[in-house]
Amino acid sequence: MNLMKTRLIPVLLALALIFSLAGCGVSSAPAMPAESAPSPSSVQEAPASSEAASPVDSGPAEAPADDGVIRATEEELDLSVRHAEGMNGMVASASPIASKVGVTILERGGNAVDAAVAVAYALGMVESNASGVGGDGYMLVYDANSGKSTFLDYKGEAPAAFTLEFLNEHRGVKGYKQTGYSAVVPGFVAGMEKANELFGTMSMAELLQPAIDYAEKGVPVTPFMAHVYVDYYKTLMKYPETEATFLNDGFPYNEGELFTNQNYANVLKRIAAEGKDAFYTGEIAQSIVDSLAEHDGVMTLQDLANFRVEVREPVSTTYRGYRVVSAPPGAGGAAVIEALNMAEHFDVHSMGHNTPETLHMWAEILKLSAVDRYHYIGDPDYTDPSGMYGITTKSYAADRVKLVNMERVLGKPKYGKVEEVEGAHTTHVSIIDQWGNMVAMTNTVSDFFGCGITVKDCGFFMNNGSFNFSGVYKANQPRPGQKVRSSISPTLIFSPNGSPLATFGTPGGSRIPGTVTQIVSNIVDFGMDMQDAIDAPRIYQNYNDGLYIEGHMDPETIYTMKLKGHQVIERGKLDYFFGGVQGVKIDPETGELHGAADPRRDGKALGY
């Protein structure tokens, strides 16, 4: 009876939420070198006590300690502490289980990229709503030996049939984000293999094994994931294969239950043994195409076979003497660079942290950088680069910042004019290894659980990134094989003397560039350590919307912002609407690594 009640409560809550929202549209190393599957998923109850307590009462389920699976200790799973210190290696990710995988790889002699690949695959299992093989992303790598930063772009590409005409015809159709045609060609698998090829020291089989173990033997459902299962119950119920894979006999998983996924383990084994070709050609590719086609998908085997990973130069600027390196077009780093270049025209430290004056400045700056990003940024292989790189120059920022009036609120701005310059729902991982190599990596499936379509007999769902293309902004209009624009902005900071200082990034859609910009300011302008920089309340300002302010901002400040004329929209305290920053900062005096994770989600930093 206790078990039945435990399972019915979240379902009833989910149904109540669905019906209440139905009318309002809410879906809420040394140097780096150049079997037959059972049912799609199954559940194992947490071990019961002699009093037959419910799974929630008995705590997180644990597999036997000698089964070879990397397991986090109770202390490492404790989310009342998000930060960590260490001298040899540090991993900050959206899950303590995934962070444990990364630290273990570092302890075994792997470098930062080895750890990043292993963590990325582990997150695809333990935080499967936000990333995985059906998605895509970016990785920013700093090689300590060469002193060079390299950017890997494995963002999803438009299927050949997903044209501008197709986009305009289907955008706005009821439920369009949960259809087969909403998926772009996923780049995750190719991206991880390219990172391993360029920078890795361990085999892909070694790096995938932790995720395979979790898929076969199970991971305990965290409080945040239990909440997500309830919030997205309607999405998970829509398609039978998804229901069978990600629900427990039609019910959302409870906190502490073990989630397993044998079909997914089988896919990972194929990738580990055969490489990316096992995913982009053959049986898995055919299953992707067929599963999407059942729901009006347009992706073909040729689209999958044609996928490319691009190696690009990141964008950078100096901010008060610190060098900030971020994601190039078509990711969101150019908007971060533009915003920082404008902020440099103000004495932010003297203005004070999160004072009305400072928040007004950020709101106006973020409006301007946002409208420029929408207008200019797209896949640089398909779009004129002059505008994309033009917005990152100091001279452009000096001109744009003239529009910021500290006495009044700027209305909806227009994009700026650039000079020709030679020459984008999610999870983030930050890692520094014992050799000083750094990784900032952000992966996504677009919305939580993507398009909601689980690939038949494969245990993973596909993204819904195609509707991040634009029917209005020419730079981001879809063409066959074009990579979709993104706000994602993995970022590195270097001290004025050139030494590495920090690596960080965040999920959060269009809120990403503004969040990253505020973290840079917290560190540089106010000298915060990484955890304080992450915990501090944030704002979000797009170019055509109100000013979103997080709930733990000072009430008098919020009131003053309203008096200034801002259309303030108040959100909750530590609201995951504002992202989930994961970061690592180096103490410049001692060299100690300070890892930090966002309390807005399940993040945890671990080091040694």
Item to check | Ion pair K474/D384, N-O distance below 4.0 Å | outcome: no

Checklist entry - Sub-3.5 Å donor-acceptor pair from the side chain of S430 to the main-chain atoms of A92, do we have one? => result no

Item to check | Atom NZ of K456: over 12 foreign heavy atoms under 6.0 Å | outcome: no

Checklist entry - Any side-chain heavy atom of N263 within less than 4.5 Å of one from T245? => result no

Checklist entry - Would a 4.5 Å heavy-atom cut-off, applied to side chains only, mark V228 and P252 as touching? => result no

Item to check | Minimum heavy-atom distance S466-A183, with the two atoms named | outcome: OG-N, 4.0 Å

Checklist entry - Is the gap between the ring centers of F162 and F467 under 6.0 Å? => result yes

Next on the checklist: I'd like to know whether N254 forms a side-chain contact (heavy atoms from CB on, under 4.5 Å) with E257, so could you lay out the CA-CA distance, the side-chain angles of the two residues, the decisive distance to 0.1 Å, and finally the verdict.
Outcome noted: CA-CA 6 Å; N254 287 321; E257 290 181 336; 3.7 Å; yes

Checklist entry - Salt-bridged, D153 to K155, with N to O below 4.0 Å? => result no

Checklist entry - Considering only heavy atoms from C-beta outward, does the side chain of M139 approach that of V309 to under 4.5 Å? => result no

Checklist entry - Which atoms form the tightest heavy-atom contact between R600 and D575, and what is the distance? => result CD-O, 3.6 Å

Checklist entry - Got a donor-acceptor contact below 3.5 angstrom from the E364 side chain to the L410 backbone? => result yes

Item to check | Check: G452 main-chain N/O paired with T242 side-chain donor or acceptor under 3.5 Å | outcome: yes

Checklist entry - Do the side chain of N468 and the main chain of V484 share a donor and acceptor less than 3.5 angstrom apart? => result no

Item to check | Point-to-point distance, once rounded to the nearest 0.5 Å, from NE2 of H227 to CG of D602 | outcome: 10.5 Å

Checklist entry - Can the ring centres of F460 and F188 be said to be less than 6.0 Å apart? => result no

Checklist entry - Between N463 and T444, is a side-chain contact (heavy atoms from CB on, under 4.5 Å) present by the stated rule, with each step listed? => result CA-CA 8 Å; N463 67 84; T444 185; over 6 Å; no

Checklist entry - Going by atom types only, do S369 and D372 share a side-chain donor-acceptor pair under 3.5 Å? => result no

Checklist entry - Are F461 and F246 close enough that their ring centres sit under 6.0 Å apart? => result yes

Checklist entry - Counting distance only, does the side-chain N/O of S99 pair as donor-acceptor with the main-chain N or O of K604 below 3.5 Å? => result yes

Checklist entry - Should we say atom CD of E283 is surrounded by more than 12 heavy atoms from elsewhere, each under 6.0 Å from it? => result no

Checklist entry - Is it true that a side-chain atom of H375 and a backbone atom of G387 form a donor plus acceptor pair closer than 3.5 Å? => result no

Checklist entry - Mind checking whether Y138 and Y154 have parallel, tilted or perpendicular rings, split at 30° and 60°? => result tilted

Next on the checklist: So which atom in S95 and which in L123 form the shortest heavy-atom distance, rounded to 0.1 Å?
Outcome noted: CB-CD2, 3.9 Å

Checklist entry - R571 versus F578: any side-chain heavy-atom pair under 4.5 Å? => result yes

Checklist entry - Are any of the side-chain heavy atoms of T179 and H295 separated by less than 4.5 Å? => result no

Item to check | Result of checking V133, I212, L207 against Y121 for side-chain contact (heavy atoms from CB on, under 4.5 Å) | outcome: V133

Item to check | Backbone of K276 reached by a side-chain donor or acceptor of E193 within 3.5 Å | outcome: yes

Checklist entry - What's the verdict on side-chain hydrogen bond (donor to acceptor under 3.5 Å, both in side chains) for H428 and T426, showing C-alpha distance, side-chain angles and the deciding distance? => result CA-CA 7 Å; H428 184 84; T426 306; over 6 Å; no

Item to check | Y264 (side chain) donor-acceptor with A211 (main chain) under 3.5 angstrom | outcome: no

Checklist entry - Rounded to the nearest 0.5 Å, how far apart are OH of Y576 and CZ of R511? => result 9.5 Å

Checklist entry - Does V101 reach the side chain of V126, with side-chain heavy atoms less than 4.5 Å apart? => result no

Checklist entry - Out of T163, L164, D379, V184, which one pairs with F469 under the side-chain contact (heavy atoms from CB on, under 4.5 Å) rule? => result V184

Next on the checklist: What I'd like to find out is whether the side chain of K483 reaches to under 4.5 Å of the side chain of E310, using heavy atoms alone.
Outcome noted: yes

Item to check | Side-chain heavy-atom pair P186, D136 within 4.5 angstrom cut-off | outcome: no

Item to check | Straight-line distance of T383 OG1 to I377 CD1, nearest 0.5 Å | outcome: 9.0 Å

Item to check | Separation of I288 CD1 from Q286 CD (nearest 0.5 Å) | outcome: 10.0 Å

Checklist entry - Ring centroid separation for Y181 and Y176, is it under 6.0 angstrom? => result no

Next on the checklist: Is it the case that the side chains of Y374 and S470 hold a donor-acceptor pair, with the cut-off being a distance below 3.5 Å and no angle test?
Outcome noted: no

Next on the checklist: Quick check against the 3.5 Å criterion: does N464 have a side-chain atom that pairs as donor or acceptor with the backbone of S182?
Outcome noted: no

Item to check | Interatomic spacing from CZ in F224 to CG in L79 - rounded to 0.5 Å | outcome: 11.5 Å

Checklist entry - If you round to the nearest 0.5 Å, how far is CE of M441 from OG1 of T427? => result 8.0 Å

Checklist entry - Do E294 and E241 pass the side-chain contact (heavy atoms from CB on, under 4.5 Å) test, and can you show the C-alpha distance, the side-chain angles, and the key distance before you say yes or no? => result CA-CA 12 Å; E294 287 182 16; E241 188 86 8; over 6 Å; no

Next on the checklist: Looking at E157 and R308, is there a salt bridge between them, counting it only when a charged N and a carboxylate O are closer than 4.0 Å?
Outcome noted: yes

Next on the checklist: Between M462 and M299, is the side-chain contact (heavy atoms from CB on, under 4.5 Å) condition met? List the steps.
Outcome noted: CA-CA 11 Å; M462 292 293 288; M299 195 178 299; 4.2 Å; yes

Checklist entry - Of all heavy-atom pairs between D598 and Q582, which one has the smallest distance, and what is that distance? => result N-OE1, 3.6 Å

Checklist entry - Any side-chain donor paired with an acceptor under 3.5 Å for R373 and S487? => result yes

Checklist entry - Considering all heavy atoms of both residues, which atom of V315 and which atom of A327 are nearest to each other, and what is their separation? => result CG2-O, 3.4 Å

Item to check | Donor-acceptor pair, side chain of Q482 and main chain of N476, under 3.5 angstrom | outcome: no

Next on the checklist: If you compare all heavy atoms of G256 against all heavy atoms of P220, which two are closest, and at what distance to 0.1 Å?
Outcome noted: O-CB, 4.4 Å

